[in-house]
Amino acid sequence: MPPYTGWIAADLPDNRAIAEAFQLLGDLLQLEGADRHRVLAYHRAATRAREEARPLAELALQGRATEVADIGTTLQAKIVELAETGRIAALETARERTPEGLVEVAGLRGLGPKRAMAAHETLGVASLRDLGAALHDGRLADVPGFGKGTIESIGEQLAERAMRAAAPGGERIPLGRGLLIARRLSRELAEAPGVISVDIAGSLRRGRESAHDVDLVASEEHPGAAAAALGASPGSVGDDGVTHARAQAGDGTWVELIAGPAESHGNRLQHATGSAAHNVRLRERAVRLGLSVSQHGIVDADGVRHVHADEAGVYRALGLPDIPPELREDRGEIEAALRDELPQLVRLEDLRGDVHIHTDWSDGRDSLEDMVVAARARGYAYVAISDHSPRLRMARGLDERRLRAQWEAIADVRERHPDITILRACEVDIVAEGLDFEDDVLAELDFVTASLHSGFALSGRELTERVLRAIRSPHVDSIGHPTGRMLGKRDAAPLDIGAIAEAAATTGTALEINGQLNRLDLDADNARTALDAGATLILSSDAHSVMGLDFVENSVLVARRAGAPPDRILNATADLGGRLLAP
DNA sequence: GCCGTTTTCGGCCCGACTGTTTTCAGTCG
């Protein structure tokens, strides 16, 4: 069977549809007060379906969906039912019993299944709209469990939702900006009196694309030192000296801090890094070992609490190797760790060069020589000067005449900096006719990155064809920011990543993980697809200034989330995959 | 409903916080 490419037979439900059905069924059962473990089973299966790369409907029809964790024979049968009849009877009857609109009601902060159902049973509330009406009439106060504070909070949330509906905006913090804030705050905090060390935790540490707040973990000499430095009052101080604090940074970002003694720093860091699902799995395993895990330490069967100064100690106590944060998503990493099969993930220090950078010859801010010096200072063995091709007028793309002039400038800089290999390169546009330079020009370049910068109105099929043509060009070494997405501005082009990854694997063309804050393209899921297909990745900063070279750190984070080892990263090789040896 | 280096049945994470309560259930991460 060919690898899954995202396009499957039109009459089968895709994994997203399966996930939605299980999610809703779980939500409705939860409202009805079903056994919470049964509810959890549906929600877990929904998460699994969302993340599974293979088409579950096909698997289920072959009787193989139970190979996927959290999917047993009952859920497999429901997937088959959905595939064959287009519906799941259990879901339809649950919908008849319980209004679907209550799911949203239960989703409000401070509400949950119990209070949502109380409102339904007392006042007949079946939707957010009903809830708003009951609020205005003053009837909500009649519902058991609805006090003054809860009702006030509901009012605020409904008003907020109405505002957001009028002006939608992402309230989650994108990874790049989140990391900048987190690094600044943790640096400042670490220098405060009484604070010993600070680590970034939460989804930022795991490299998720966005976070809802910044999580920090500190060790301190006395309770409250770190919270005070953050300008927050510590909440309650536990008998082991652990405090929680919450504060708002200057730009409105919420920061959550857990601080305590250095000897239990590892327990707090492990706890606050998550993910929630990973921690649940970890604690389940601990229970089987007769242990109880929390942010305060690990309690053994005799009730004795053990603390750990570093995270590795926590995992060691559970019989596991230190699992990299980027893998802690309950996607089988604990099982892999038990089998000693965790991938060796690429690290920033594995990178030997950056082959996608711009200078002031096109739309970069710094000079060619400044960029080379900065690359050298980072310890790179090579750097590729890859300014834009002529079609990108607004970026002052180079035509052939200016490109050749740049080669002379490169020759000059090479003489002054013999300790780094400077490649003649180009980020050439992928255009309707093929590429934005003739083959004879491309053949003279040391490295060619081909990128989509236009044509995003075309169909996924047409754009995929364009990219495939670029991949098959013997002159193209890598595909830059393959899907062309701009976070918050433009969605990823609907490319057939499976087909692109397969072609790239065949030709040896690298697929880029672009580290620009608004790109992060490929994303971790697509990068994993590329790796599964056998393709090589390349990690690039796409720097437009000396400072911009740092963006490659974001690429590394995304690559690690995808499970990429250094030997699958083109610019982690000393000779750039043999290209530096060519005459 | 899932799952098994103690189990094919009987378990299935932990603690903080909140607001509503008269001692704690529900919610959150």
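In the text below, chain A, chain B and the rest are named by the order of the sequence lines, each starting its count at 1. All values below come from the heavy atoms of this structure, side chains included, with hydrogens, waters and symmetry mates left out.
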Each nucleotide N or O in nucleotides 8-15 of chain B that has a protein N or O under 3.5 Å away: list the pair and distance.
{"from": "dC13(B)", "atom 1": "OP2", "to": "E284(A)", "atom 2": "OE2", "distance (Å)": "2.7"}
{"from": "dC13(B)", "atom 1": "O2", "to": "R283(A)", "atom 2": "NH1", "distance (Å)": "2.4"}
{"from": "dC14(B)", "atom 1": "OP1", "to": "S292(A)", "atom 2": "OG", "distance (Å)": "3.1"}

Any chance you could list the contact pattern along nucleotides 19-26 of chain B? Use B for base contacts, S for sugar-phosphate-only contacts and - for none, protein heavy atoms under 4.0 Å, 5' to 3'.
-> SSS----S
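Taking the C1' atoms as reference points, dC13(B) lies 16 Å from dT27(B), given to the whole Å. The separation of dT22(B) from dG29(B), taken at their P atoms, amounts to 26 Å, rounded to a whole angstrom. Separation of the P atoms belonging to dT8(B) and dC3(B) is 16 Å when rounded to the nearest angstrom. For the P atoms, the distance linking dT23(B) with dC17(B) amounts to 23 Å, nearest Å. Across the P atoms, dT20(B) and dG11(B) are found 36 Å apart, a figure rounded to whole Å. Here, dT21(B) and dG26(B) have their P atoms 12 Å apart, quoted to the whole Å. Nucleotides dT18(B) and dC2(B), compared at atom C1', are 32 Å apart to the nearest Å.
Classification of R16(A) and E20(A) as a salt-bridged pair fails, no side-chain N sitting under 4.0 Å from a carboxylate O. By the 4.0 Å N-to-carboxylate-O rule, D322(A) lies close enough to R328(A) to be salt-bridged with it. Between K78(A) and E81(A) there is no salt bridge, since none of the side-chain N atoms of the basic residue sits less than 4.0 Å from a carboxylate O of the acidic one. Ion pairing of R48(A) with D330(A) is present here, as a side-chain N (NZ or NE/NH1/NH2) and a carboxylate O approach within less than 4.0 Å. We find that R206(A) and E333(A) are not joined by a salt bridge, their nearest charged nitrogen and carboxylate oxygen being 4.0 Å or further apart. Salt bridge status for E329(A) with R561(A): present, with a side-chain N to carboxylate O gap under 4.0 Å.
Annotated as anti: dT21(B), whose glycosidic dihedral deviates from 0 by more than 90°.
One interatomic measurement links the two molecules: CZ of R288(A) to P of dG4(B), which rounds to 8 Å at whole-angstrom precision. Per the geometry, CD1 belonging to I154(A) stands 11 Å off P belonging to dT27(B), to the nearest Å. One atom, CG of D240(A), and another, C1' of dA16(B), lie 13 Å apart when rounded to the nearest Å. Whole-Å rounding puts the E156(A) CD to dT18(B) C1' distance at 14 Å. One can place CD of E256(A) at 14 Å from P of dC28(B), the figure rounded to the nearest angstrom. Taking atom CD1 of I71(A) as the reference point, atom C1' of dG1(B) lies 11 Å away to the nearest angstrom. Atom CD in E152(A) sits roughly 15 Å away from atom P in dT18(B) (whole-Å rounding). Residue M117(A) contributes atom CE, which lies 12 Å from atom P of dT27(B) at whole-angstrom precision.
Across the strands present, dG19(B) finds its partner in dC24(B); the criterion is a Watson-Crick or G-U wobble pair with both atom distances under 3.5 angstrom.
Nearer to the 5' terminus of DNA chain B, by closest-nucleotide assignment, is the contact made by T74(A) (compared with the other of G290(A) and T74(A)).
Remark: H308(A) pairs with N267(A) by the side chain to side chain donor-acceptor pair (under 3.5 Å) rule, at least two apart or across chains.
The environment of CZ in R36(A) is sparse: at most 12 heavy-atom neighbours from other residues, nucleotides or ligands sit within 6.0 Å. The neighbour count for E32(A) CD, taken as heavy atoms of other residues, nucleotides or ligands under 6.0 Å away, is above 12.
Across all strands, L108(A) comes closer than 4.0 Å only to sugar-phosphate atoms, never to a base (heavy-atom distances). Among the protein residues, A69(A) comes within range of the sugar-phosphate backbone only, with heavy atoms under 4.0 Å from sugar or phosphate atoms but none that close to a base.
Residues D240(A) and S264(A) have side chains not in contact (no heavy-atom distance under 4.5 Å, counting atoms from C-beta outward).
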